[in-house]
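Everything quoted here is computed from the prediction, not taken from an experiment.
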Amino acid sequence: MKPTNPAQMAGRSTEYADMLLLRFGEFTLKGKNRSRFENTMLRHVKGMVKPYPKARLIKEFGRIYVELNGEPAGELLEALAKVFGISSISPVKAVKPELEEIVEASLRFIEKVDPEPGTTFKVNARRVWKDFPYGSQEMNHLVSAPVLKTFQALSVDVRKPMLELRVEVREHQAYIFCESIPAVGGYPLGTNGKAMLLLSGGIDSPVAAWSSMRRGLEVECVHFFSYPYTSREARQKVIDLARVLSRYSGRIRLHLVPFTEVQTSFAGIGQDNLIVTLMRRAMLRIATQLAEREGALAIVTGDSLGQVASQTLPSMNVIGRATDLPLLRPLVMMDKSEIVEIAQQIGTYDLSILPYEDCCTLFLPKSPTTNPNLKIIEKVESLLPGYGERLAEAVAAAVTMEVTPHGNERPADEADLISSVKEDWF
Ligand code: ATP
Ligand code: MG
């Protein structure tokens with residue numbers, strides 16, 4: 001579940017490598033979808049490698065090699081470890097398929113890794129090119145003997161070695177590698193369909209977005225704001241959060257929905273403790289209409305069981321019934337500390353803790369109900385004059401932006417965002 005922190009993991013052998021070997025994750029199990037998944041991954045890898053013009057991609061069954069040709073291995077490793085669907089990366093040394101070259105490179109490789117005394121070791125050679133004069137078993141001995149002689153710190157363990165030096169002999173090159181650095185894993189982006197995610201400015205929902213993308217969902221975000229009660233800065237913060245998320249997807253669509261009219265329609269009902277439940281249900285209804293419009297098949301939220309009044313089980317039950325779409329809550333069973341840790345690793349945490357108000361906190365009653373009654377809530381909603389139209393108006397007034405990693409999007413023009421707000425609210 002946890003992402004890899006590339007700074008911590010950069011392998012010791014990276015600087016000596018000429019290639020990176022990218023291995024695919026669990027999706028390789030899915031028989032007939034395999035080529036679609038692999039092509040999606042290849043496209044994402046190409047996108048990540050684009051800023052490094054000398055790097056070249058070689059696609060093989062179940063893996064991709066990135067030939068570095070002088071491009072920085074560490075930087076590329078860090079970028080590629082974020083690509084969903086890649087399970088691990090090995091820095092690879094490529095040499096001529098000749099015994100002396102292979103032994104020489106193996107020695108230098110181990111030197112870079114600098115094993116501690118007591119490290120157990122084995123060579124795992126594979127002769128892919130059948131005309132190479134030594135077989136796989138023979139190569140294991142021919143390579144391990146000089147390595148063991150040179151590095152006294154190493155002792156052999158053929159069953160569960162701490163360090164496994166892999167040698168693959170192919171016709172044009174032999175590949176040597178010994179580290180397998182964990183990458184983010186999951187499914188290639190968008191290969192499991194599209195969902196509409198409720199993005200607040202908080203810590204949780206960006207983590208829910210990242211977790212969904214990692215499962216192969218394409219995510220579009222919806223954010224509700226309450227002009228003039230929530231500030232321009234609060235909205236910019238959400239755009240900036242979407243920008244961080246777009247680093248993982250290339251781009252991300254963000255729908256900004258004016259929510260003031262809907263919220264104020266709850267003011268006169270005289271039951272403040274129900275407002276949060278009503279507000280959340282309204283958000284889900286609007287998000288559902290947007291999802292249907294945009295072809296998304298699920299709604300995602302950052303809810304975590306028990307976190308606040310609207311996230312008790314009875315509240316989730318009543319709120320969740322406002323949509324017919326599957327309601328996905330990737331963080332539902334996680335502790336806040338686990339969520340925070342992921343937020344830090346994916347780079348959203350520092351933005352999330354900026355102290356701007358959210359539309360929900362503004363209208364928060366003193367004691368929101370933790371145990372709402374569905375019948376009462378439905379009754380209240382049915383008595384709100386023109387409620388359905390208000391929700392539809394909010395959908396129609398949504399402004400859509402496309403956020404990219406290097407863009408500099410500002411909140412859309414105030415004039416656009418508030419076009420549906422009545423005169424007397426200024
Ligand atoms: P977060 O959960 O993102 O940290 P939070 O904890 O302040 O923010 P909660 O009150 O826990 O927000 O809200 C639960 C979920 O409802 C959020 O994770 C998010 O999916 C959704 N949500 C809340 N406020 C908004 C908003 N203004 N716009 C869109 N979605 C929202
Ligand atoms: Mg939350």
Side-chain angles (χ1 to χ4, degrees), residues 4 9-26 28-29 56-70 73-74 76-77 80-81 86-183:
T4 310
M9 62 170 208
R12 290 183 188 171
S13 60
T14 309
E15 59 178 277
Y16 185 52
D18 323 289
M19 299 171 102
L20 298 175
L21 159 58
L22 316 181
R23 289 185 201 80
F24 302 163
E26 56 196 287
T28 48
L29 301 173
R56 210 168 63 86
L57 300 184
I58 305 169
K59 166 87 184 61
E60 279 191 8
F61 188 75
R63 43 173 71 177
I64 298 173
Y65 289 96
V66 182
E67 254 183 27
L68 296 168
N69 299 318
L76 268 157
L77 182 73
L80 292 166
I86 294 181
S87 62
S88 67
I89 303 181
S90 292
V92 175
K93 180 75 195 162
V95 294
K96 281 201 204 115
E98 288 167 11
L99 182 62
E100 303 71 46
E101 296 249 355
I102 293 170
V103 169
E104 175 61 26
S106 300
L107 290 170
R108 294 206 48 200
F109 223 104
I110 305 286
E111 190 186 326
K112 293 285 172 207
V113 174
D114 191 18
E116 313 240 314
T119 304
T120 54
F121 166 78
K122 101 174 199 192
V123 173
N124 181 351
R126 202 159 70 93
R127 179 175 61 169
V128 181
W129 175 42
K130 295 299 170 207
D131 289 342
F132 187 68
Y134 311 100
S136 302
Q137 282 301 335
E138 230 177 329
M139 279 301 282
N140 287 344
H141 294 295
L142 289 169
V143 178
S144 60
V147 169
L148 290 164
K149 205 166 145 207
T150 312
F151 298 95
Q152 308 287 324
L154 298 176
S155 61
V156 175
D157 179 350
V158 287
R159 277 189 307 171
K160 228 179 155 202
M162 289 147 86
L163 181 63
E164 183 171 337
L165 185 79
R166 308 277 302 270
V167 178
E168 282 183 17
V169 186
R170 293 158 182 255
E171 184 169 357
H172 300 293
Q173 277 186 317
Y175 297 154
I176 299 162
F177 53 95
C178 65
E179 284 186 290
S180 182
I181 295 157

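Using a 4.5 Å cut-off on side-chain heavy atoms (C-beta onward), Glu179 and Leu163 make no contact. You'll find the side chain of Val95 reaches within 4.5 Å of the side chain of Ile102, heavy atoms only.
Within the structure, side chain to side chain donor-acceptor pair (under 3.5 Å) pairs that include any residue of residues 155-166 comprise Asn124-Glu164 (at least two apart or interchain). Among residues at least two apart or in separate chains, there is no side chain to side chain donor-acceptor pair (under 3.5 Å) pair with a member in residues 127-151.
Of all heavy-atom pairs between Val158 and Val156, the closest is CG1-CG1, 4.0 Å. In plain terms, the two heavy atoms of Ala81 and Ile89 that are nearest each other are N-CD1, 3.7 Å. Considering all non-hydrogen atoms of both residues, Phe151 and Leu107 come closest at CZ-O, 3.5 Å.
For the pairing with Leu77, the side chain to side chain contact (heavy atoms under 4.5 Å, CB included) check across Leu68, Ile181, Val66 returns one residue only, Ile181.
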Let me see the working for Ile176 and Leu165 under side chain to side chain contact (heavy atoms under 4.5 Å, CB included), right down to the final yes or no. CA-CA 7 Å; Ile176 299 162; Leu165 185 79; 3.9 Å; yes

Take Met139 and Val123 through the test side chain to side chain contact (heavy atoms under 4.5 Å, CB included) and record every step on the way to the result. CA-CA 8 Å; Met139 279 301 282; Val123 173; over 6 Å; no

Using the rule given for side chain to side chain contact (heavy atoms under 4.5 Å, CB included), can you reason through Thr120 versus Leu154, listing the C-alpha separation, both sets of side-chain angles and the distance that settles it, and then say yes or no? CA-CA 6 Å; Thr120 54; Leu154 298 176; over 6 Å; no

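Rounded to the nearest 0.5 angstrom, Glu104 CD and Glu98 CD are separated by 13.0 Å. Atom OG of Ser87 is separated from atom CZ of Arg63 by 10.5 Å, given to the nearest 0.5 angstrom.
Contacts of Tyr65 classified as ring pair (Phe, Tyr, Trp, His ring centres under 6.0 Å), with partners at least two apart in sequence or in another chain: Tyr175. For Glu100, the salt bridge (Lys or Arg N to Asp or Glu O under 4.0 Å) test picks out no residue, with sequence neighbours left out.
Around the NZ atom of Lys96, the shell of radius 6.0 Å holds no more than 12 heavy atoms that belong to other residues, nucleotides or ligands.
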Listing, residues 16-24 side-chain donor-acceptor contacts under 3.5 Å, not counting sequence neighbours, or none:
unit_1: Asp18; atom_1: OD1; unit_2: Lys93; atom_2: NZ; d: 3.2
unit_1: Asp18; atom_1: OD2; unit_2: Ala94; atom_2: N; d: 2.6
unit_1: Arg23; atom_1: NH1; unit_2: Ser88; atom_2: OG; d: 2.9
unit_1: Arg23; atom_1: NH1; unit_2: Ser90; atom_2: OG; d: 3.2
unit_1: Arg23; atom_1: NH1; unit_2: Ser180; atom_2: OG; d: 3.4
unit_1: Arg23; atom_1: NH2; unit_2: Ser90; atom_2: OG; d: 2.9

Sequence neighbours excluded and cut-off under 3.5 Å, please list the side-chain donor-acceptor pairs for residues 108-119, or say none.
unit_1: Thr119; atom_1: OG1; unit_2: Glu116; atom_2: N; d: 3.3
unit_1: Thr119; atom_1: OG1; unit_2: Glu116; atom_2: O; d: 2.5

